[in-house]
Each structure stands twice: as C-alpha cells, then as structure tokens.
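As structure tokens, the structure follows; a few thoughts come after it.
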Amino acid sequence: MDFIKLAMNTEVFAQRHIGISEKDLHHMFKTIGVENMEQLISETIPDDIRLKEPLKLPEGISEHGFLSHIQQLSQKNKVFKTYIGLGYHESLTPSVIKRNILENPGWYTAYTPYQAEIAQGRLEALLNFQTMVCDLTGMALANASLLDESTAAAEAMTMLFDVRSRQQKKDGALKFFVSEEVMPQTLSLLQTRSTPLGIELVIGNHEEFDFSEGFYGALLQYPGKHGQVHDYADFVQKAKVNDITVAVAADILSLVLLTPPGEWGVDVVVGTTQRFGIPLGYGGPHAAFFATKEAYKRSIPGRIIGVTRDTDGNRALRMALQTREQHIKRDKATSNICTAQVLLAVMAGMYGVYHGPDGLKFIANKVHDTSKLLSKELKKLGLEQTNTAFFDTIKVKVPDSRKLKAIAEKNNINLNYIDAETVSVSLNEAVSQNDLELLISCFSEFQNTEQKNSSADNTDVIPSSLQRKAPFLEHEVFNSYHSETELMRYIKKLERKDLALNHSMISLGSCTMKLNAASEMLPLSWANWGNIHPFVPLDQAEGYQSVLNELEKQLNVITGFAATSLQPNSGAQGEYAGLMTIRAYHKSRGEEHRNICIIPASAHGTNPASAVMAGMKVVVTKTDEKGNIDVADLKEKVQLHSENLAALMVTYPSTHGVFESSIVHITDLIHKNGGQVYMDGANMNAQVGLTNPAVIGADVCHLNLHKTFAIPHGGGGPGVGPICVAEQLKPFLPTNPVIETGGEKAITAISAAPWGSALACLISYGYIKMLGTKGLTASTEIAILNANYIKEKLKGKFDVLYAGEKGRAAHEMIIDCRPFKVNGVEVTDIAKRLMDYGFHAPTVSFPVAGTMMIEPTESESLSELDRFCNAMIAIREEIDEVSTEDHNNVLKNAPHTLEMVTSDNWDYPYSRQKAAFPLAYVHENKFWPSIRRTDEAFGDRNLICTCAPIEAYAEA
Ligand SMILES: *Cc1c(COP(=O)(O)O)cnc(C)c1O
C-alpha cells in the first residue's frame, strides 16, 4: 500500500493505474467495517495460502522510463525485408485505421458485444468483415474471426468430423486427408488436435489421393505453401462423389484474383486476414476467418454476427445464436472458442472498406505483377522458377541455398529456404521498386551475372480456369469511404454507438476490465515491433526474445511455477494446452489410460469444452449452497475414478467470487489419487502478490493476459492465454515446427506462431514492469477492496449470493436478481436499464442464471464506484414501483433511445426525464444506446450474416 500513502508522485505508475487514493481509503474501510487493508485481506484469503514474502520482482519503473526502455529494446529487433511467406506477409496498415482504431481506446477497450444495444458500431464492423470474407471465399456464411489460420483449419477438421458423426454415419470414417501443400504450422496443429479425438491424419499429394473408404474429410492449401496455385475443382468433385467433405485454407489477398473455393463446392474455407493491414507482430495477433455453407450454420465455431430487428422493428445487429455461444456447449462441445480476434477483424474489415473492390484489385495486381516480374528476372539470370501457376510466391532452384542466404542476409533480406537447393520468395504490397531491385541483385550476385532491366510481364501465370470472374464487395459500405475524411468519419460514427472503458466502468465479472494504459499500448504502433515475421532467425528478434523471456520469468514468479509457454492465444487455448501437457505427462509415465477430468458445476463453459477436446471424459462435481466445491461429493467422485483420474480443473478464487478455504485439501486429494490440478487463472486478479496457484497446490494454470495483465479486450479479442506449469510438466510445453520452442518432450503446436500473439505480450510486459512488486500487490488489494465496497453499498438492496467464511467477497461478487421476478423484472431488464444510466451491465447469468456478477477492478475511482452503486440502487427503487400486471414500464422499455424520447409521441406512464436522465450525473455525460432492445428469436430464425439490404430479410 506504500504508493497510496505517498503524496502524488508522477513517477509512480501505480498511482495512475489504481483509481483509489489515500484519502478514499478511510471512508472505504469504514464502509466495509475494517481497520485497514491487512484486516480485509486476512478476512478474505485463507491464511494457509497467503504468500509469506513479497513477489521477487523488481520495483516498478515510471511510464517514461518504460517507454525509453522498450524503445531501446525495439532497436534490438532487426527489421529485414522479409519474403518468407508461409501465411505471414508484410502489410501496410492504412494510417487512418491505425490512428482511429488500433490506437483508439473507443475501439480497443470495448467488451465482447453481448449487450448489442450499446455495441452496434463494432457489430457493424464485424458484419463488414463477415461480408468481405463471404465475398472473397465464395461461401454463404462466415464467422466474426478465429484465432489464427492453423487453429481455424483445426476447427474445420473437427467441425466436419462432428457433422459426420451427427449425421449418424457410423461408417467409421475417421481419416482426414491433409495435402502436403499445407503450411507446416497448420500440419503441426492438426496433429495436436486430431490425436485426442481419434482422427487419423493422412498426409499426401492431392493428385495421388485415391478417395478410398474411411476418409471423412480433407484439407487443401490454396495457393500451396510454396506458392503453386493448384486447380482443386476435380479433387472437390471426386471428394463429393465419395462423401468426403473438403476444407481449403486460402490466402485472402489471392482470392481477389483467383477463383474462390466456394465455386468448387467446398465445405469450409479458412485463412488469415493478417495481410489486410495487420502488423506481423512476430506472429500475432491477427484475425483468422472461417467461412462455410448454410447447411453448417449451427455448427460453426466462434461467434457470428447476425442481423435482426429491435423493439421498434428497426434493423439491429447482435451476436447470433448467442445462447449457444454463451454456454459453449460444455461437454457436448466440439470447439472451445470464446475470445477471438475482434479488434483485428475490425481492422481487416476496415481495410476492405477503405480500399474497396478496386483498391483490393490494385493491391493484388501489384503483388502479382511484382512476382511475375521477379520470376522473369530470375529466369534471365539463369535460375529455374518451378511454380507453373502462382499468385505472389515463386519457388526457385538454386545450387546452394546457404550461399544465397548469406548474400540475402547481408542485404537485410529474408527468404524462405526450403532445402539446400530450393528457396521460395513471397511478395507483398509493401515491396517497392527499390526493394525489388535489391532482391534481384542478391540473386544476380549469387549467380555472378549482370542483371538486365525489363518491364512488367503481362503473360498470364494463372490459368484462365483459376482466374476470378465473380465480382465482390459490391455492397455500398465497400464503395463509399475511400477518402480519409470519409473513412475517419465512418469509424467515428461506429465508435459513437459503442460504450467502452473511455466512457464508464465495465464491471464484467470474470473478465477484469481494468485500465489498458496508453504507455502499455504505444509501442504496439512501432515498426520495430510490428514488422517482424514470426519465422525470422532468432538473432533478428533479440528485442522480442528479451521481452518474451522476461515476461515468462515474471509470470513464473507471479504464479510460483517453473516455466511458462506464451503460445496459446486465448484463455481457452491455454486450458487446452494445459490439459494436453497433463495428458503427455501421464503418457510419459505409462498412465495413458488416465482420462477423467473432474470439473465443478460452476466452471466456465470453456473448461469442459477444452477437456473434451483433449480427449478427456468430463465428470461434473457439485457445488454446495455456499458456492464452494462440495468436498464430500468430490471425494466420492475421486474415489470412484481414482484409477483413471487425469485432472481436476478448478477456478480459484471460484467463479462464485470466493476463496474456498478447503482448496489445499482438495488439490491434495487429487494428487493422492494420481491426478494433476489445472487452475483456471481467469480470477488471477484476486491473487497476484497475495497468493498463487503453486501455493494452493495446482500443477498448471493459464492466465488471461487480456484480463489480469492489462491487454485490452478489443471488443472480444485479441487475447493471450499463456500456461504456467510446475517442474514435472515443463518438458511438455508446446513447440512450433519452424522455430523450436517449449520443452524437451514438447507437444506439437497449440497456435500457429511460436510465441502466439507476441505483439500483445508487450502490454503485459509493460504492465508488470511499471507496477513492480508493490504496484502489483496493491492492485490486487484494491481490486478486493473495491469489490467489498460495492458489496456493502448494495447491502439491503441486492442479495449477494456467496461470500467467504468471514463474509468477504474476493475481487468480484454475484448479486441475485431472481427475487424481482415477483415484480415481473428479469435480470435482462436490469442490464438494459443500466444503459440508460450510462453503464454496461456486469456479467449476466454466469455462473448462476438470473444473477449478475460484478467485478470493479482496481482501476476505478471511488466516485465511479459510487455512481455505479447509485445507479443500481435507483434501479432497485424502480423495481419496487413496477409489477407483473403492467409491462409498460421503465425497466421493460429500456434502453431508451434518443429517437424515442424526442419523438412527438410519448405514450409511457413515466416521464422522458426519468427514461433518459434518471440521475443527475447522467446529464453531464449521457450515452445514447443507438437501438432499442434486440429481438433475438427473430434473428436466429432468419439468420443473416452479411450486409444484405434490409428488404432481403423483412419477414414475409
Ligand atoms: C474468460 C474466461 C475463460 C476463457 O478465456 P478466453 O480468453 O475467452 O478463451 C475461461 N475461464 C474463465 C473463468 C473465464 O473468465
């Protein structure tokens, strides 16, 4: 607490990160009835799991100190011209998008758009993304992003597998054909994902594939990993005849010029949109896409944005089939996708909006023409180019690729060195005339011959059957905003519809919507961080290596564990990775049969979904009436399954917001029965500096860096979900097929890139570096204080469902809204009414239906906490005024739009003032929901996921 006792010290970042100051403390302690912080913490966290010593991390540094440190580190990254390709290409982020989205808290601090009425802006941006993907791939439906191309391909493999088994085709078709043209990182990921599910991968040449029995699906790469553009029409035709489904991983920019796979009748098209204006960032974050046929609409992984109508019949957007997504189907799941890549999908979609169809054609043609020119020049130099049809990548035979490598590196150029005698070169929109000349000169130095100039080659290297004929991006949105002024205003128009952290507190329980400090974010815009390809040699990424190694160490210290893998790019991926290391550990000890995963009923839906994906059987254990794990029930289940027990997955403090005192006893019980303990670290914000997963007896946990460690939510992504493990699991940490990472007995890839979303890791690194031991610990303490303060303030108005033994909440609490059913009020009504007060609702109906889970975080000020409590109390009074008799009331009609309250007709039994300005503070900072309540059922019945004109879906 030292920093809080200090007078203002502008060098102490914690004073900026934490919203509570010393003068607030006395009042807050008094309100909750404690003498001091130590008393509160000791009443909250069981004594036996408290850390005895402060974290062994350095003291925090100032913001300017961090910025100069990270600037110096960035100089250690060498930005070469990189033509490696393999799914990653240098791209040009339009400055208008960088400044107004990537660098704009109005976009990057928004939450996942569950509350559609205050999220129409990003919902529209995502609908644009989906439309763009559908147009370019030639498919009917697309989701609003997945984590990367390789995980998207794995999702395709499993979705098609699931569809097959649900069609009751018990024909034992367990084989999945994978073309040898598929990217190495994708192949590795498919290996990881297929094994636990019993899918058998068969890798081979698609031209030699015999479509024999036993195959249910296939994956092709278009263009192939080294650039050859294959015509797959025949393959797809034959596959269909043989009842084999086909997925294609496609390069999004190439689809501007190439026949879209949808025209061949494929089932799924996946890929990355990185090259649509997203920085390379040493591997991520980037938005992958997943497009499919109408027939699979209920099986698509991830989130889909759909069109519906609001109460007044106006067009409205929202996440479609949301109940499905919220529950993530638990142990019936085939996918565990929760956090995706929303911010990056928004940016990629805007890239499409800004450039439009003609701009994209210009870019694709430029890239294509440059590669043709390069191919021609290399032929002149006497080199053989072996791709007969290509878009942006040529494959060249060289007598000695190591010699070429030396020349290229001397000129700050990276190529893809396939073997001793072959290289591939992938071009991109950022290649200038000079770049091309330098590139050619490397080859001519290598060949020892003079280069001769020549102009662009107009001969076709794409056969006419593979030339795209179908138009794309014909919708108005892609043909309206091509000047910077127009796009800037369009982005602003959308931003204004969305409530983000730059307006008010978003007290999302379990999601920890804390400050995403500007100093943490600034470096993300710098070229020395942005423009590094994930597969460059390590000596070109020393700045990154330094940050990533240090971040791993920081997280080891914070969790008390031995090692960390930063590869998983969401919390759910972390869960999966952690369980896969447990699986590998059991196997290494000859205990492969251990496959039972015990999970409490209150767990997040991703937990059972991840367990199923890891090939485990889920056994659900009960929670008692206090919200704790029912130890008697757990014991029974452990004993019953002792022989086959693989793991317990436990969230700590529990999703009920309580530090269970029996935790050590529980983890002990699991170990004694041969199991490992997986801790879901989503609630780490209640632990940092005070206790840790190692102390409670866990063996592995994931951390949500996009929750506890300040990476912004981005409207639903990106995320980073590292796993931290105890010594015995360390050997199994995941690797990457191109750049080796992980342990000595590493499992295959969890994400496409070696260090997952490396660029976003800079944020958490900065967060820990600037807060230091004291700041981190104080953040946890204040997070707990703020939650308990709200709990006291709401006392008597709302029942708090669970509390620890001494009556304290952890960093979040659940309030019960079910009693208001007697007044005809549902929890949703309260959520929507909060919008009129300028607040985003807390978590609704998780983990208990009919409740709200409130998590204020340490970053909010006392006055903001009070405003929120006053809004809740005012709503509580409104609840008392209404009854089941009459639904025409201020709660049921919420939210109230500007259009509604300024309309000439006002037929409601309460005033306009009460509708829109229910408390004095609202006058000063009014947020207008842009639509009225959305009609979920209508939208789900009439699923529309692209920008179709309104008439197209008006109910007949
Ligand atoms: C957020 C969360 C997850 C999933 O994390 P994602 O990054 O969204 O995949 C898992 N468990 C809990 C308790 C969470 O709050």
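Atoms within each ligand, like the ligands themselves, are counted from 1 in listed order. Computed from heavy atoms alone, side chains included, the values below leave out hydrogens, waters and symmetry copies.
Residue Thr339 has at least one heavy-atom neighbour below 4.0 Å for each of these atoms of ligand 1: 6 (P), 7 (O), 8 (O), 9 (O). The ligand atoms of ligand 1 that sit less than 4.0 angstrom from a heavy atom of Asn704 are 1 (C), 5 (O), 6 (P), 7 (O). For ligand 1, the atoms sitting less than 4.0 Å from at least one non-hydrogen atom of Asp680 are 10 (C), 11 (N), 12 (C), 13 (C), numbered in the order shown with element in parentheses. Listed by number with element, the atoms of ligand 1 under 4.0 angstrom from any heavy atom of Ala682 are 12 (C), 13 (C), 14 (C), 15 (O). Of all atoms in ligand 1, listed by their number and element, those nearer than 4.0 Å to a heavy atom of Ser570 are 7 (O), 9 (O). For ligand 1 and Gly571, the ligand atoms under 4.0 Å from any heavy atom of the residue are 5 (O), 6 (P), 7 (O), 9 (O).
Of the protein's non-hydrogen atoms, Ala572 N, 2.8 Å is the one closest to atom 9 (O) of ligand 1. In this structure, atom 15 (O) of ligand 1 lies nearest to the protein heavy atom Ser510 OG, 2.5 Å.
The aromatic rings of Phe732 and Tyr585 stand perpendicular to each other, their planes meeting at an angle above 60°, with 30° marking the opposite boundary. Ring geometry, His17 versus Tyr767: the interplanar angle exceeds 60°, so the pair is classed perpendicular (tilted spans 30 to 60°).
Judged by distance alone, the side chains of Gln115 and His840 never bring a donor and an acceptor atom under 3.5 Å apart.
Aromatic ring centroids of Tyr544 and Trp755 lie 6.0 Å or more apart.
Each of Ile18, Leu690, Thr44 was compared with Glu781 under the side chain to side chain contact (heavy atoms under 4.5 Å, CB included) criterion, and only Leu690 meets it.
Taking only nitrogen or oxygen atoms, main chain and side chain alike, His706 reaches within less than 3.5 Å of ligand 1.
Of the candidates Glu575, His604, Lys707, it is Lys707 that places a heavy atom closest to atom 1 (C) of ligand 1.
No donor-acceptor distance shorter than 3.5 angstrom exists from the side chain of Thr112 to the backbone of Tyr114, with no hydrogens or angles considered.
Met649 and Asn607 make their closest contact through SD-O, 3.6 Å (heavy atoms, listed as atom of the first residue, atom of the second, distance).
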